[in-house]
Amino acid sequence: MKWTEFLIPTTKETPADAVVPSHQLMLRAGLIRQVVAGAYTYLPLGYRSLRKVEAIVREEMNRAGGIELHMPAMHPIEWWEETGRVEAMGDVLIRLGSASPDDWRSRTVLGPTHEEPVTEIVRAYINSYKQLPVTLYQIQTKFRGEARPKSGVLRTREFLMKDAYSFHLTKEGPGGLDETYDRMYAAYCSIFGRCGLPYVAVEADSGAIGGDASHEFMATTDAGEDLLVQSEDGAYAANLERAEVSPLADPANGTNAALAEVATPKLTTIDEVSAFLKCKPEQMIKTIIFEAEGKPLVALVRGDHEVNEAKLARAAGVSKVTAAGPDVIQKLTGADVGFSGPVGLDARIIADQAVTVMYDAVTGANKTDHHLTGVNRDRDFTITESADIRTAVAGDCSPTGSPLTFKKCIEIGHVFKLGTKYSDAMKATCLDPNGKPQSFIMGCYGIGLNRIMAAVIESFHDESGICWPMAIAPFEVVICALDVRVDEVMALSGQLHDDLAAGGVDVLLDDRDQRPGFKFKDAELIGFPVRATVGKRGLADGIVEIQSRRTGEVQKVAPDQAVATIKEMVESARLAERTDGS
RNA sequence: CGGGGCGUGGCGCAGUCUGGUAGCGCACCUGCUUUGGGAGCAGGAAGUCGCAGGUUCAAAUCCUGUCGCCCCGACCA
């Protein structure tokens, strides 16, 4: 491919709207162009990378036993009503609008994921346990009505996703869900490894999608929106939403202070009250009222801690907790919001472990404009249930006692054990060996392809531009032909290009009539892993210059050695750049 | 959905407060020179100033409304 016959709109200046490095560089290197918020055109160069990511994903999915198919983005809303996800997804589910509710548009949604259509297929065609297990996957465009698209292609409303779904009769044993789950997990490691991406697999919360086990694959990058929690000993890694902490030691520093009520007019927050009473937030018990299954649920955490709703729900044995409104709080505590406390409160109360080792605490008095000081457990209130229900913070240790560290990260893949949530809802069954209908046990496995690309750029760039790993670089090699009007330069450049291309190397010939500096800057911005420079100066010395983008290392070789040298670099990079999760 | 910022040639911006000929840099086209780290000179093309109303002799500029985009937060499979 010749540069002058391709479309590569690079820019020297950074567009003002781009904040994170991957976004800035993708725009500057001419990989993408924004169309509306959360939707991007992949320009030819960007699309080449995306296609390479796609090819790797496809290859590994096939190797892991997946069967590729392609489902539409348009779904009948009835399927989503069957599984109750029209409500569960809310605004994330994009619906086609129409003035008339009877119009087909009103009954059509754009798929944010494909559990419903794939379950419908299996319901229709798989009737016997003998056809199981089966894993269907597709690489397809997804639509989600994200409230706030951001960070370039890291969070968009339209994106390319590989989604796989497996169907089983059993959880354990040959052909069971666990077996496929493990195989998919391994395939994911291969995929991210081949893309050269630093990643970590962590335990995740399975959230609204349901199911009982889930791992997220995270790429660590400062542009990420999630927090990855890892123990220093490397034994524990989890999403912050799920991370468990080891119990805090009992300081046994109680003075058995007397219970006292103090007026705290209009002071409703931990900060306000602690400032007013000159105590530390960690001396306060924060009392948060939730509702679960229609009943109040009270959570107690230390003042400087936050309730983790997912952990609370799990501890409470309910599917979901929601913050209670002012009316519920008023009715339960007899006080306005901001003055709740455990003393004398009649409701199910779950105390965080940290609260069980607090003495002489401060908390709301269940009386508007008043707080209590000198509050002690057992004497002033009883803790019947305690658990780990708070979000981990700096200073906490893993369940095995190793200090936790926090890193920003972006989710690039997710594997779930779904169970029968969707097959039950959609009445998708097959006959077991006894001739009895059984709901399919399902797993689902997603990868965001665009995010892989962006995460790779976040991980591998410098002040000059992108440093692609060989595996997903839009072109593996660029030949900078300086002095395009010198016949010998162009003849050799053209010959190198043709020989490399014939040898299976992705090569781009920069045949633009531009000054050398201009071409070098573009080559570095785009980040071709290998640059071969052919100029009349080098030619006079009988050499071609070959440079690695990542190491900057330059080799000067005779023209007849150039092809072999470059091919060797390409091949060794393909192996060397592979990563493993850690 | 709350808070903040911004919409002026393909890109980056000035001009808006104080109304009066739409401007600068990059990129683009033509010509000459230049050719190993984003060249120089000369000439040129390209913008209903987001959109709609209003005020005014006159609106990029003032007023009202509206749409879009970005950032922080909330939310998030």
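Here is the naming used below: chain letters follow the sequence lines, and residue numbers restart at 1 for every chain. Computed from a predicted structure; not experimentally measured.
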B:rG38 phosphate, OP1 or OP2, under 4.0 Å from A:Arg515 side-chain N/O: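 No, because none of the side-chain N or O atoms of A:Arg515 sits under 4.0 Å from OP1 or OP2 of B:rG38.
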Do any N or O atoms of the protein come closer than 3.5 Å to N or O atoms of nucleotides 25-28 of chain B, and which pairs are they?
| unit_1 | atom_1 | unit_2 | atom_2 | d |
| --- | --- | --- | --- | --- |
| B:rG25 | N2 | A:Glu13 | OE1 | 2.8 |

Please report the distance, rounded to the nearest Å, between [atom1] in [X] and [atom2] in [N].
X	N	atom1	atom2	value
A:Lys556	B:rG36	NZ	P	14 Å
A:Ile32	B:rC11	CD1	P	14 Å
A:Leu27	B:rG12	CG	C1'	13 Å
A:Leu154	B:rC76	CG	C1'	15 Å
A:Arg537	B:rU34	CZ	P	16 Å
A:Arg155	B:rC72	CZ	C1'	15 Å
A:Lys519	B:rG36	NZ	P	12 Å
A:Glu306	B:rC75	CD	P	11 Å

With both distances under 3.5 angstrom, what nucleotide forms a Watson-Crick or G-U wobble pair with [N]?
N	result
B:rU48	none
B:rC24	B:rG12
B:rU30	B:rA42
B:rA59	none
B:rC69	B:rG5
B:rC76	none

Between [M] and [N] - [atom1] atom distance, rounded Å:
N	M	atom1	answer
B:rG12	B:rA27	C1'	11 Å
B:rG19	B:rG2	C1'	35 Å
B:rG53	B:rC13	P	30 Å
B:rG7	B:rU61	C1'	14 Å
B:rU8	B:rA46	C1'	14 Å
B:rC70	B:rC28	P	28 Å
B:rG25	B:rU34	P	25 Å
B:rU48	B:rG38	P	36 Å

Pairwise 5' ranking along RNA chain B for A:Lys536 and A:Glu411, keeping only the more 5' one: A:Lys536
First encountered from the 5' end of RNA chain B, between A:Asp483 and A:Asp226: A:Asp483
Nearest listed nucleotide, side chain of A:Pro15, among B:rC11, B:rG36, B:rG38: B:rC11
Closest to the A:Arg28 side chain, choosing from B:rG37, B:rG36, B:rG38: B:rG38
A:Asp336: partners by side chain to side chain donor-acceptor pair (under 3.5 Å), with sequence neighbours left out: A:Gln330
Residues forming a side chain to side chain contact (heavy atoms under 4.5 Å, CB included) with A:Lys427, sequence neighbours excluded: none
Exceeds 12 heavy-atom contacts within 6.0 angstrom, atom CZ of A:Arg95: no
Residues, nucleotides or ligands: over 12 heavy atoms within 6.0 Å of A:Asp91 CG: no
Side chain to side chain donor-acceptor pair (under 3.5 Å) partners of residues 550-561 of chain A, not counting sequence neighbours, each pair once: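 For residues 550-561 of chain A: A:Ser548-A:Thr551.
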Could you check whether any side-chain N or O of [X] sits under 3.5 Å from a backbone N or O of [Y], counting only pairs where one atom can act as donor and the other as acceptor?
X	Y	answer
A:Lys408	A:Leu228	no
A:Arg390	A:Asn308	no
A:Arg144	A:Arg157	no
A:Glu203	A:His215	no
A:Trp468	A:Val456	no

Give one of base, sugar-phosphate or nothing for [X], where a contact means two heavy atoms less than 4.0 Å apart.
X	result
A:Asp91	nothing
A:Arg531	base
A:Gly446	nothing
A:Thr14	sugar-phosphate

Full working for side chain to side chain contact (heavy atoms under 4.5 Å, CB included) between A:Phe167 and A:Thr135: CA-CA 6 Å; A:Phe167 295 84; A:Thr135 301; over 6 Å; no
Members of residues 488-496 of chain A that approach RNA chain B, where some heavy atom sits under 4.0 Å away: none
Row check, A:Tyr181 ring normal vs A:Lys417 NZ/CZ: under 6.0 Å, within 45°: yes
Pairs under 3.5 Å (N/O, protein and nucleotides 66-71 of chain B):
| unit_1 | atom_1 | unit_2 | atom_2 | d |
| --- | --- | --- | --- | --- |
| B:rC69 | OP1 | A:Ala37 | N | 2.8 |
| B:rC69 | O3' | A:Gln34 | NE2 | 3.3 |
| B:rC69 | O2' | A:Asp17 | OD2 | 2.9 |
| B:rC70 | OP1 | A:Gln34 | NE2 | 3.1 |

Ring centroid separation A:Phe192 to A:Tyr199 under 6.0 Å: yes
A:Phe475 side chain reached by A:Phe6 side chain, heavy atoms, under 4.5 Å: yes
